K.L.:
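Have a look at this one before I ask anything.
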2 protein chains.
Amino acid sequence: MSQLDEQAFNHIAKYFQALAEPMRLKILNGLRDGEKNVTELVEISGGTQANVSKHLALLRDAKLIKRDSRGTKAYYSIADQCIYELCSLVCGQIASQMSIDVAANAAFISALKTN
Amino acid sequence: MSQLDEQAFNHIAKYFQALAEPMRLKILNGLRDGEKNVTELVEISGGTQANVSKHLALLRDAKLIKRDSRGTKAYYSIADQCIYELCSLVCGQIASQMSIDVAANAAFISALKTN
DNA sequence: ATATTACATGAGTATATAGTTATATAGAAA
DNA sequence: TTTCTATATAACTATATACTCATGTAATAT
């Protein structure tokens, strides 16, 4: 396994790691319909301000979101639209795995799908 | 945020978590061309037998791979082909983000792409 | 029966990270 | 300037998890 491959695997793992947290998925889902400031994301996610700020910093570091500071507020938005395609794939997979009533999840899952 | 949504986010996060580890990505990459037993995966990944076994158990728990025990050997194979599609998406994204020479990674990245 | 091969797993350690609390900083308003 | 609002961050705690080492278990071979 070459050094280059090692680095590539590390990068890919770090990318998935950013998506591997329910609170961060909530935040990303909250950004689906456009930019939002931190206070709005705190309300949407139900987390504390400090915790949401930290997750936003992590997501920004992973280049999944971008920050636009206007006045005293910080507006975050999706930097990488393929996030939703990833989630859509995973949702489809999970839905087909789970033996629960898929129809019950239809609204949510279709909301997570980009196309 | 409904209880159903909470569960869904947890599921999706857990799925990504399974992919968020370089050693597991190596193992999954090693399974790209078909089933392999543990010893083979140990060689391919460069990990210890104990550690590879544990990662295999985790991947199986996440339903990404399946196990077929034949004689004294355990053959693992991909249970969820969409893994590679996920990796392909992430690879493309990372490649376009990184300011490194993409051509240098071409072989690896194309190897990770399903189509 | 004993040994060997292949794999799984428990115990223990080290590290990473999610969350909380308190505080810092920066812009806007009074 | 002082105050208020919005956000970021440091310090800390708790938990999860990656890894190693040792051992357990099961199938095969001698």
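Below, chains carry the letters A, B, ... as their sequence lines are ordered, and counting in each starts from 1. On a predicted model such as this, the values are computed, not experimentally measured, just so you know. We use all heavy atoms of the structure for the numbers below, so side chains are in, but hydrogens, waters and symmetry mates are not.
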K.L.:
Just the rounded figure in Å: distance from P of D:dT9 to CG of A:L56.
P.N.:
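Interatomic distance, CG of A:L56 to P of D:dT9: 11 Å.
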
K.L.:
Are the side chains of B:Y76 and B:D68 in contact, using a 4.5 Å heavy-atom criterion?
P.N.:
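A side-chain contact is absent here, since even the closest heavy-atom pair is not under 4.5 Å.
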
K.L.:
Report yes or no: does A:K73 contribute a side-chain atom to a donor-acceptor pair with the main-chain N or O of A:V38 at less than 3.5 Å?
P.N.:
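Such a contact is absent between A:K73 side chain and A:V38 backbone.
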
K.L.:
Checking A:K36 side chain against A:G30 main chain: does a donor-acceptor pair fall under 3.5 Å?
P.N.:
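Such a contact is found between A:K36 side chain and A:G30 backbone.
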
K.L.:
Please encode protein proximity along nucleotides 17-23 of chain D as a string of B, S and -, counting only heavy-atom distances under 4.0 Å.
P.N.:
-SBBBB-

K.L.:
Below the 4.0 Å mark, does D:dT7 have OP1 or OP2 next to a side-chain nitrogen or oxygen of A:T39?
P.N.:
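Affirmative; the distance criterion is met.
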
K.L.:
Under a criterion of less than 4.0 angstrom to any heavy atom of chain B, what are the 5'-terminal and 3'-terminal contacting nucleotides of DNA chain C?
P.N.:
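So the contact region on DNA chain C extends C:dT5 to C:dA11.
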
K.L.:
Is A:R32 close enough and on-axis enough to A:Y84, meaning under 6.0 Å and within 45°, for cation-pi?
P.N.:
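That pair qualifies as a cation-pi contact.
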
K.L.:
How long is the straight-line distance from NZ of A:K26 back to CG of A:L41, given to the nearest 0.5 Å?
P.N.:
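Answer for the CG-NZ pair, A:L41 versus A:K26, is 12.5 Å.
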
K.L.:
Considering all heavy atoms of both residues, which atom of A:I12 and which atom of B:V90 are nearest to each other, and what is their separation?
P.N.:
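Looking at all heavy atoms of both residues, the closest pair is CG2-CG1, 3.9 Å.
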
K.L.:
Calculate, to the nearest 0.5 Å, the distance between atoms OH and CD belonging to A:Y75 and A:E40 respectively.
P.N.:
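It is 6.5 Å, given to the nearest 0.5 Å.
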
K.L.:
Report the distance from atom CZ of A:F9 to atom CG of B:L28, rounding to the nearest 0.5 Å.
P.N.:
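Going from the CZ atom of A:F9 to the CG atom of B:L28 covers 9.0 Å.
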
K.L.:
Out of curiosity, B:E43 CD to B:T39 OG1, how far, rounded to the nearest 0.5 Å?
P.N.:
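Between atom CD of B:E43 and atom OG1 of B:T39 there are 7.0 Å.
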
K.L.:
Enumerate the residues from residues 60-80 of chain A whose closest heavy atom to DNA chain D is under 4.0 Å, giving them by residue number; use none for an empty result.
P.N.:
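Contacts with DNA chain D under 4.0 Å: A:R67, A:T72, A:K73, A:A74, A:Y76.
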
K.L.:
How many Å lie between CD on A:E35 and P on D:dT7, as a whole number?
P.N.:
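Checked: the CD to P distance equals 12 Å.
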
K.L.:
So, B:R24 side chain and B:Q17 main chain: donor-acceptor pair closer than 3.5 Å or not?
P.N.:
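Side chain of B:R24 to backbone of B:Q17: a pair is present.
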
